[in-house]
Amino acid sequence: MLFSIRKKMILGYSAVSILSILSVSIPMIKAQGNEVRKNVADSAEAKMEKALVQIDKFFEKPISIVNDMCLYVSRADLDLKQTQDDFQNLISTDKSLSALYYVNEIPVKDGGTFYYSGGWMPAADYDQYTRSWFTDAQRSLNTVITEPYMDVPTQSLVTSVVRSVKRENGAFGGVVGIDISLNELNDVVRNLKLSESGKTFILDRNGVYLTNPDFKKIQNANFFDDYKFLSKYKSNFGNSLFLKTNAENDLYIAGCVVNEDSGWLLVTIGNTDEFFAGLHKNERLIFIMSLVALGLSLAVAILISTKIVNPIKRVNAAMKKIASGQADLTRRLDVQSSDEVGSLCHGFNAFMEKMQGLVGDVKKSETTLTNAKDDLLFSLDNASGSIKKILTNIEGAGDQIEQQAESVQQTSSAVEEIAENINSLERMIETQSQGVEQASSAVEEMLGNIAAVNTSVDKMADSFELLGANAQEGIAQQKMVSEQVANIAEQSATLQDANLAIASVASQTNLLAMNAAIEAAHAGEAGKGFSVVADEIRKLSETSAAESKKIGDELRKINESIEQVVGTTKESERSFAGVDEKIRLTDEIVQQIKSAMSEQKEGSKQIVDALKMVNDSTHEVHAAAREMAEGNRTILGEVKNLQDATHLIRGGMSDMSNNAREMGGTSDALIEISEKVGDAINQIGSQIGQFNV
């Protein structure tokens, strides 16, 4: 058992150590993993943004040149030789720009001109409308980056930045373009990667390589064919960065859209382990440290458990010696330490010393108990005879108490009947008193209501006088409104006449402007200025005529509204007259109600006086009945006390009789018990004799 305790202690220390290591290492590894993933995501986003900036910067110059040339060719008269030389000078300092050109809106085969840096001229049957770079620019309002294609003059793979030219009148005026060598773009993209062995590509919207370290694959191979297991991530590419750190085959993939119009994609891939090399190294270090910590904890657990268990073994051996032999209570344990085991030995020695004293006292008490047993048996014999005499006397007294209880019960019934009659009389008086009080309260409440009604009637009378005055004033105000509306109607008619005059003036002005325009046309070049003035006058007359028509419509609507207001005003006057008549009739009814309420108030006061007299008489009768009930309750209480005393005496006699019988039975039982106690004392004496104290 002691070895199993040691084993449990070792296992417990080991379990605590393992849990401690796991509780520290697992959150640490997770935290580092999350931090590394966050750093990877942030780094990838930063590098991809930097890559986009470099790509935008790569296209910034050609886009700027194309935009400037679109403005230039739309306004200048171009000379073929001079324009081609100018184009060549613009791009000669940048080796990534292979050609700058402009072709007007007329097909070359139909006489159109193609201005190309370096002096290249297309074939006689050349038609720019069959070229995708030309049609893409024609359809778009913005600068367009085309798909890569093989350039005829240079016989190299290029992509073009093109834009359509707009003449001053807004018409299509051809396309300006600049060719960019994909070799230079390929060199820019090659260095844009997230890890040491990573690869970065620009793809078209279908995944075809636009840049690739293996130049043969440009426009000839598809990224999603080379990496079929990554094709499922194609739909994730958008304007924002997409990053999958643990894609298929231990690769990562990141990408985003480079240009929305072209749909180009910037995609980079590489080995995932390059992202998480530091994390894996830390995980291995934490694992080794955990194993070392676990070994140290096991060694400490074995050492501590050995130091705890060895003293317990010594205590166990000493206790076995004490328990063996003839129960020698004089032996003690040797205390060899001051720790918990030493405290256990001290406690055991104190317990043995206490036991030694107790056993000695029990031996001394054995003789005393034997003498007490003999005295108890003699006393029990005498008590048994006395109990039998007491039982006979108690039975005689019980018969007399039963007769007294019957007499008290009859008296109590008679007194209770009288009390019930008095209570009935008191309840009847109480009911009558409550009825009188309720009637008095109701009448007084009615008086209060009558007073409130009188007050309300007075207020109503005053309000009706004020309403009558307001109604008269409303009638007067309504008449004033009618007069004002009539004045507005007359003024509206005047405005209508004025508007007709304005319309007539506008018509004549328009006719005058037309004549002036005709005369200006006859005058030729000298009448151009006057023609402009005549045109402005004509526009002014047309505007005046339109506004005059609107004003006329609004005036007609105003006249219709005025007619409606006149009709409404007349109806309002009739309504005010009817209201004034109703107010006078209502005022007369209110005065009649006031007179009737005054008479009702006087009659209610007389009823209140009569009810007060009845209430006073009822209170006197109620007081007398209450005194009778109080006296009867006193008598009933005394009878009750007597009855209770009789019951108590009868119960006491019964208890005394039962107790006397029980005492007789107890006496016999005590005699039997005393004999058993004697036997037990003898057995205790024989057992105690075995202890050595």
Side-chain angles (χ1 to χ4, degrees), residues 44-63 65-66 91 94-99 132-133 136 143-152 154-162 177-231 233-234 236-244 247 251-271 274:
E45 184 174 0
K47 289 181 179 179
M48 292 296 281
E49 288 179 356
K50 182 179 179 181
L52 291 175
V53 169
Q54 292 186 13
I55 293 173
D56 289 341
K57 188 175 181 180
F58 181 82
F59 284 103
E60 183 178 355
K61 181 178 179 179
I63 290 174
I65 293 174
V66 168
I91 64 172
D94 193 339
K95 63 179 181 179
S96 65
L97 306 179
S98 61
S132 60
W133 57 267
D136 289 345
T143 303
V144 178
I145 301 175
T146 68
E147 298 287 347
Y149 63 94
M150 183 61 66
D151 183 43
V152 175
T154 62
Q155 290 298 305
S156 62
L157 195 61
V158 299
T159 184
S160 297
V161 177
V162 295
I178 191 167
D179 291 341
I180 303 171
S181 173
L182 283 185
N183 289 332
E184 300 297 327
L185 180 61
N186 203 28
D187 292 339
V188 171
V189 174
R190 182 182 304 167
N191 298 321
L192 303 178
K193 52 188 178 180
L194 302 183
S195 63
E196 185 65 26
S197 63
K199 297 179 181 179
T200 303
F201 314 99
I202 293 181
L203 314 175
D204 68 6
R205 67 178 69 252
N206 298 317
V208 176
Y209 291 108
L210 301 181
T211 67
N212 196 305
D214 184 359
F215 204 76
K216 296 179 180 179
K217 289 190 174 184
I218 297 176
Q219 287 286 291
N220 295 319
N222 191 294
F223 172 83
F224 296 108
D225 290 337
D226 291 345
Y227 301 95
K228 293 183 183 295
F229 52 89
L230 297 177
S231 60
Y233 301 113
K234 180 180 179 181
N236 296 106
F237 296 143
N239 293 328
S240 59
L241 173 67
F242 167 74
L243 173 64
K244 182 69 174 177
L251 293 179
Y252 67 83
I253 181 171
C256 61
V257 174
V258 175
N259 182 279
E260 292 185 3
D261 293 333
S262 64
W264 285 9
L265 304 176
L266 179 64
V267 178
T268 182
I269 61 173
N271 196 321
E274 294 181 3

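This is a predicted model, so every value here is computed, not measured.
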Heavy atoms, side chains only, cut-off 4.5 Å: are [X] and [Y] in contact?
X	Y	result
Ile145	Val161	yes
Leu210	Glu147	yes
Leu97	Ile65	yes
Val144	Trp133	no

For [X] and [Y], work out which heavy atoms get closest and say how close.
X	Y	answer
Ser240	Cys256	O-CB, 3.9 Å
Tyr252	Gly198	OH-CA, 3.8 Å
Gly207	Leu203	O-CD2, 3.7 Å
Ser160	Asp179	OG-OD1, 2.5 Å
Pro148	Trp264	CD-CZ2, 4.5 Å

field: Candidate list Phe201, Tyr233, Phe229, test ring pair (Phe, Tyr, Trp, His ring centres under 6.0 Å), partner Phe223, passing option
entry: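 Only one of Phe201, Tyr233, Phe229 forms a ring pair (Phe, Tyr, Trp, His ring centres under 6.0 Å) with Phe223, namely Phe201.
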- request: Please list, chain by chain and in numerical order, all residues satisfying side-chain hydrogen bond (donor to acceptor under 3.5 Å, both in side chains) with Ser98, sequence neighbours excluded.
  value: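 Residues passing side-chain hydrogen bond (donor to acceptor under 3.5 Å, both in side chains) with Ser98: none at all.
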All side-chain hydrogen bond (donor to acceptor under 3.5 Å, both in side chains) counterparts of Thr211, not counting sequence neighbours: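 For Thr211, no residue satisfies side-chain hydrogen bond (donor to acceptor under 3.5 Å, both in side chains) once neighbours in sequence are set aside.
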- prompt: Measuring from Ile180:CD1 to Leu157:CG, what's the distance to the nearest 0.5 Å?
  reply: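 Output value for this atom pair is 12.5 Å.
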- prompt: Just how far is it from atom CG of Leu230 to atom CD1 of Ile269, taken to the nearest 0.5 Å?
  reply: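 Leu230 CG to Ile269 CD1: 6.5 Å, rounded to 0.5 Å.
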- prompt: Quick check: does any side chain N or O of Thr268 sit under 3.5 Å from a backbone N or O of Lys199, one acting as donor and the other as acceptor?
  reply: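 Yes: the side chain of Thr268 pairs with the backbone of Lys199.
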message: I'd like to know if the side chain of Thr146 and the backbone of Thr159 have a donor-acceptor N/O pair within less than 3.5 Å.
response: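 Not a single qualifying donor-acceptor pair exists.
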Under the salt bridge (Lys or Arg N to Asp or Glu O under 4.0 Å) test, residues paired with Asp204 that sit two or more places apart: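 Asp204 satisfies salt bridge (Lys or Arg N to Asp or Glu O under 4.0 Å) with no residue once adjacent residues are dropped.
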query: Can you name the side-chain contact (heavy atoms from CB on, under 4.5 Å) partners of Lys234, sequence neighbours left out?
result: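 side-chain contact (heavy atoms from CB on, under 4.5 Å) list for Lys234, sorted by chain: Phe224.
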message: I need the full list of side-chain hydrogen bond (donor to acceptor under 3.5 Å, both in side chains) pairs touching residues 214-230, with sequence neighbours left out, sorted by first then second residue.
response: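 Output for this query lists Tyr209-Asp226, Lys217-Asp226.
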Per-pair distances, 0.1 Å, donor-acceptor, side chain in residues 48-62, under 3.5 Å, sequence neighbours excluded:
none

